[in-house]
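Here the structure comes first, spelled out in structure tokens, and everything after it is commentary.
The figures that follow rest on heavy atoms only: side chains count, while hydrogens, waters and symmetry mates do not.
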Amino acid sequence: MAATKLPPLSRRRALLGLAALASSSCRRRGAPSPPEPAPTPAAGEAAAPGWKDLAFEPAAGGEDPQRALLLAPAAAGAPPLLVALHGRGEAVRGVEVGARGWRDDYALDATLKRLLAPPLAPEDLGGMVTRERLAQLNASLGDHPYAGLCIATPFTPDLRDRSVEGAAGFGRFVVERLLPRARAEGGCQAAREATGIDGVSLGGRLALLVGLSNPDVFGAVGALQPAVRASEAEMFSTLARRAMERHAVALRLVSSEADPFLPAIQAISDRLRQDGVAHELLIVPGPHDYAWNRGPGGVEMVLWHERVERGLSPP
């Protein structure tokens, strides 16, 4: 799909993008603090209705302990599976907080509740939606009601090595430990076409690196406001081209009008298009902060993956 284009951006916004990348944070200066996290449940106990807490001991290779929440909806048949990665604001607060990021800090339960009871209203996306986009989302839900996803939300590390190789260890954890356990304990589908990965900011960057490095595992790869640099356009395009040569991957980049990473995301989309890599670029209203994660971020991520992973046309 052709990339959405905006008027040329100012040099000041490009500089803001570089400054934001230096922190790779999902929190803007002046953005509200996230809510206080709930007490951590014991491993294996229910984290909240529908959620299960998964603890992982360190692997033989010396990896750090890991934790994730798993949502397995009570639906007929095996649902598709989405791995959702959080941003740096949760990464710096520890493993337990990070694993609960999408549920507690980004209010994913509220998003899922609204997707199950359409039509969506502007306030369900924090008012950060155009009339046209809201109509597209509701038309999709009208044609095919939201049928649910298994959603696994692991702790997302803030890695010093931000290269493809630097993300390989986390990728091995996701592919070799998280996915098999999520499928065993959640009854999720195992087919690559029904398996996706996505994330916001720091998590969006890692979702691209892990997902495109493992196209035999992930059929859908998305990134919300990924913390990327324009100078990395060639790297990401090369990674995507190599992935597509092995398997067709549904690929989407999402940004917003006041996202400081927008210039870099556009540059990567331009390079993907130049290199013939099929993908979608969606630009919506809003800043780079928690309110956006709780509004357009969650809605766009969940609905896109549920449509694509069920073989439906996304809005």
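For the pair Glu185/Lys52, a side-chain contact is recorded, criterion being any heavy-atom separation below 4.5 Å from C-beta on. Within the 4.5 Å cutoff, the side chain of Thr153 has no heavy atoms near those of the Arg100 side chain. Residues Phe236 and Arg205 form a side-chain contact, since some pair of their non-hydrogen atoms from C-beta on lies under 4.5 Å apart. Taking the side chain as every heavy atom from C-beta outward, Thr111 and Tyr106 never approach each other to under 4.5 Å. Side-chain contact between Val129 and Val284 is absent, with no heavy-atom pair separated by less than 4.5 Å. Residues Thr156 and Glu90 fail the side-chain proximity criterion, which asks for heavy atoms closer than 4.5 Å. Using a 4.5 Å cut-off on side-chain heavy atoms (C-beta onward), Leu282 and Arg133 make contact. With a 4.5 Å cut-off on side-chain heavy atoms, Leu81 and Gln189 do not count as touching.
When hydrophobic clusters are built by joining Ile, Leu, Val, Met, Phe, Trp and Tyr residues whose side-chain heavy atoms come closer than 4.5 Å, directly or via intermediates, Val308 is not grouped with Val254. Note on Leu120: it clusters hydrophobically with Leu112, by side-chain heavy-atom contacts below 4.5 Å among ILVMFWY residues. Using a 4.5 Å cut-off between side-chain heavy atoms of Ile, Leu, Val, Met, Phe, Trp and Tyr, with links allowed through other members, Leu54 and Val95 fall into different hydrophobic clusters. Connection of Leu116 to Leu82 is established within a shared hydrophobic cluster, with ILVMFWY side chains joined at heavy-atom distances below 4.5 Å, either directly or through further cluster members.
A salt bridge links Glu306 with Arg310; the closest basic N to acidic carboxylate O contact falls under 4.0 Å. By the 4.0 Å N-to-carboxylate-O rule, Glu245 lies too far from Arg242 to be salt-bridged with it. Using a cut-off of 4.0 Å between Lys/Arg side-chain N and Asp/Glu carboxylate O, Glu232 and Arg162 are scored as not salt-bridged.
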Could you walk me through whether Asp259 and Phe261 pass side chain to side chain contact (heavy atoms under 4.5 Å, CB included), step by step? CA-CA 5 Å; Asp259 177 14; Phe261 293 111; 3.6 Å; yes
Practice item. For the pair Arg192 and Asp216, evaluate salt bridge (Lys or Arg N to Asp or Glu O under 4.0 Å) and give the outcome as yes or no after the intermediate values. Key: CA-CA 7 Å; Arg192 64 169 295 275; Asp216 52 330; over 6 Å; no
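With His288 as the fixed residue, the side-chain contact (heavy atoms from CB on, under 4.5 Å) test singles out one of Ser256, Ser255, Pro260: Pro260.
In summary, the side chains of Thr130 and Glu132 do not present any donor paired with an acceptor at a separation below 3.5 Å, with no hydrogens or angles considered. Side-chain polar atoms of Ser140 and Arg307 form a donor-acceptor pair below 3.5 angstrom. Side-chain N/O atoms of Asp198 and Trp304 include no donor and acceptor closer than 3.5 Å.
The two atoms that bring Trp102 and Asn293 nearest to each other are CZ3-O, 4.2 Å, heavy atoms only. For the pair Met301 and Ala84, the tightest heavy-atom approach, listed with the atom from each and the gap, is CE-CB, 3.9 Å. When all heavy atoms of Val277 and Ala240 are compared, the closest pair comes out as CG1-CB, 3.9 Å. Nearest heavy-atom pair, Ala78 versus Gly187, reported as atom, atom and distance to 0.1 Å: CB-O, 3.1 Å. Here the closest heavy-atom approach between residue Ser213 and residue Val164 is recorded as OG-CG1, 3.6 Å. Scanning all heavy atoms of the two residues, the minimum distance from Gln225 to Val200 falls at OE1-CG2, 4.3 Å.
Under a cut-off of 6.0 angstrom, the local environment of CZ in Arg246 is crowded, with over 12 non-hydrogen atoms contributed by other residues, nucleotides or ligands. Around CD of Glu234, the count of heavy atoms belonging to other residues, nucleotides or ligands within 6.0 Å does not exceed 12.
Taking the six-membered ring for Trp and thresholds of 30 and 60 degrees, Phe155 and His86 have ring planes inclined between 30 and 60 degrees apart.
Looking only at distances, no side-chain donor or acceptor of Gln266 sits under 3.5 Å from a matching main-chain atom of Leu281.
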